[in-house]
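Below: one structure, written as structure tokens.
Note that ligands are numbered from 1 as they come in the structure, with each ligand's atoms numbered from 1 the same way. Nothing here was measured: the structure is a model prediction, and the numbers come from that model.
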Amino acid sequence: MGARSVQEIWEAALGELQIQVSKPNYQTWLIKTIGLSYQDNQLVVGVPSTFVAEYLDKNQRSLIEKTLIGLTHPEVKVVFQVNGRHHNSPANHSVQEKTPLAEQASPSRVNPKYTFDCFVVSNCNRLAYDSAIGVARNPGCGYNPLFIYGGVGLGKTHLLHAIGNAALANNIQVLYVSAEQFTNDFITAVREKRTEEFRNRYRSIQMLLIDDINFISGKEQTEESFFHTFNELHNANHQIAITSDCPPKSMPLLEERLRSRFEWGLIAGVQPPDFETRLAILGAKAEQRGANITSDVLELIAHRAQHNVRELEGSLNRVIAYARLVRTLPNLDLATQALEDIATKDSESASITSNLVIEAVANSFQLSPSDLKSGKRDKETALARRVAMYLIRQETNCSLVQIGKDLGGRDPSFVSHACEKAASDINASPSLKRKFLDIQQSMHSKRKPRNP
Ligand code: ADP
Ligand code: MG
């Protein structure tokens, strides 16, 4: 391996993988991994949980090994290891030590930082906010479940914790858990034959807050387990609140009966904040941080960071940090400088393009990309076009306007409708679902690292 340490090799591999897989994929599965050792052409990668090990082993081993070949040896093999325990085949399960489920899940508590008080309400999130307050005040009596959906960084997790904090203040027993943690717990419980413990843990609480439920969609066993948990809590009038990156009807891989459960209660969306809201949020955050920032600087930040609140906070933090570094108060010049490379970095990281999706979908439907881009309206082309629109929505940051332009010059409302239709088509047909997953998979594995 020459002079390079295993850490350096794995860092380099991660750098390449980051370009080859989608952003959510990278963040879910790869970001928390580390290079542990490299010996006899075997590279050991440390991963945070068995679930991640299993996923990577099953779905990304070949991509990872291909990437490593260029960095190490043509016959390199990768092994995933959880907390110091090997995981490279199911046979190893038996040697894993047991950890109490409750202990594994201990980080999943309500975060006192996220309260209703520090949440800025506007038209973009009012329904979600009001219903969250309602649920916190009268758990189990009103909307059950409360289902909050929206894009990243729009305050869904914040609202979920806020419900939890308000409920805790009323001595209600609350459990906040990410859907990933729920899945992890479930898998561990099954493997270690401790499903009874799992059931008790989840089904005895008065309020269950599940974050990012989209994570379990398509994971049949977890869905099944969640379904039963849901029913027991619901029958006992215990409150359930859920967040997701899209509404139930747009989750093509979600089992029908779970979808209908989610639709029993109230579904509330959060939208990206408009300029005034962004400004109000910035003002509130600056005040919280005790930073004295003039309104022209706040306006600049609000203009530059348009997509979500997380981005907004990141920009604000950057400006504050930059000003501290050069020991002045933030002014317009300084803020412009501090924000300069953020925008460019953002566009570089968008590595799946709409053209790539169009190509993959056209291939799979045995059509040509120009068919999809044309105005052709026969059934098959229209279906392929819808699927492409839906997939572009999922995999890229393209706007509805852009997607419409790329695919036959349609207006945004047409695109939005087409995406919903595609989701329900995919739902209704197992063979289309299979096809959809294959396209998605092929796109991720075929993608070449882009030239710098
Ligand atoms: P999501 O779960 O939707 O991806 P988060 O709840 O994690 O987003 O929000 C990202 C960050 O933005 C958090 O720090 C959160 O406190 C903040 N945030 C989001 N929306 C608001 C809002 N309306 N008012 C104040 N802070 C917000
Ligand atoms: Mg969240």
Ring centres under 6.0 Å, that's the criterion: do F182 and F198 meet it? yes
For atom 14 (O) of ligand 1, find the nearest protein heavy atom and state the residue, atom name and distance (0.1 Å precision). E313 OE1, 2.6 Å
Name the closest protein heavy atom to atom 15 (C) of ligand 1, giving the residue it belongs to and the distance to 0.1 Å. H158 ND1, 3.4 Å
Return the residue, atom name and 0.1 Å-rounded distance of the protein heavy atom closest to atom 2 (O) of ligand 1. T157 OG1, 2.7 Å
Interatomic distance, S416 atom OG to D411 atom CG [nearest 0.5 angstrom]: 10.0 Å
Quiz item: cation-pi between R261 and F227, 6.0 Å / 45°: no
Hey, does I281 come in under 3.5 Å of ligand 1, counting only N/O atoms on both sides? no
Ignoring hydrogens and geometry, is there a side-chain-to-backbone donor-acceptor pair from R318 to L339 under 3.5 Å? no
Can you tell which of T50, V45, L36 makes a side chain to side chain contact (heavy atoms under 4.5 Å, CB included) with F80? V45
Backbone N or O of S122 within a donor-acceptor pair of the N125 side chain at under 3.5 Å? yes
Closest to atom 10 (C) of ligand 1 among protein heavy atoms sits R310 NE, 3.7 Å
Short N or O distance, V309 and ligand 1, threshold 3.5 Å exclusive: no
Distance from I213 atom CD1 to T183 atom OG1, nearest 0.5 Å? 8.0 Å
Looking at F215, does the NZ or CZ of K219 lie under 6.0 angstrom from its six-membered ring centre and within 45 degrees of the ring axis? yes
Proximity of F226 and Y202 rings by center, below 6.0 Å: no
For atom 25 (C) of ligand 1, find the nearest protein heavy atom and state the residue, atom name and distance (0.1 Å precision). C118 O, 3.4 Å
Among F147, W264, F230, whose side chain to side chain contact (heavy atoms under 4.5 Å, CB included) with I240 holds? F230
Ligand 1 atoms in contact with N125 (distance to a heavy atom under 4.0 Å): 23 (N)
Polar contacts were defined as any N/O atom of the residue lying under 3.5 Å from an N/O atom of the ligand; does this apply to F119 and ligand 1? no
Residue, atom and distance of the protein heavy atom nearest atom 26 (N) of ligand 1 read K285 NZ, 3.0 Å
Verify the distance criterion only: is there a donor paired with an acceptor across the side chains of Y176 and D211 at less than 3.5 Å? yes
So, do R289 and N317 sit near enough that their side-chain heavy atoms are less than 4.5 Å apart? yes
Numbered atoms of ligand 1 (with element) below 4.0 Å of G151, judged on heavy atoms: 3 (O)
Looking only at protein heavy atoms, which one is nearest to atom 24 (N) of ligand 1, and what is the separation? V120 N, 2.8 Å
Nearest-neighbour protein heavy atom for atom 4 (O) of ligand 1, which is reported as residue plus atom name and distance: G153 N, 2.7 Å
Contacts of the Mg ion (ligand 2) with protein N/O/S atoms, counting only those under 2.8 Å: T157 OG1
What I want to know is whether V152 and ligand 1 share at least one N or O pair that is separated by under 3.5 angstrom. no
Proximal candidate to atom 5 (P) of ligand 1 [heavy atom criterion; set G155, G150, S122]: G155
Mark yes or no: R410 above the aromatic ring of F414, with NZ or CZ under 6.0 Å from the six-membered ring centre and no more than 45 degrees from the axis. yes
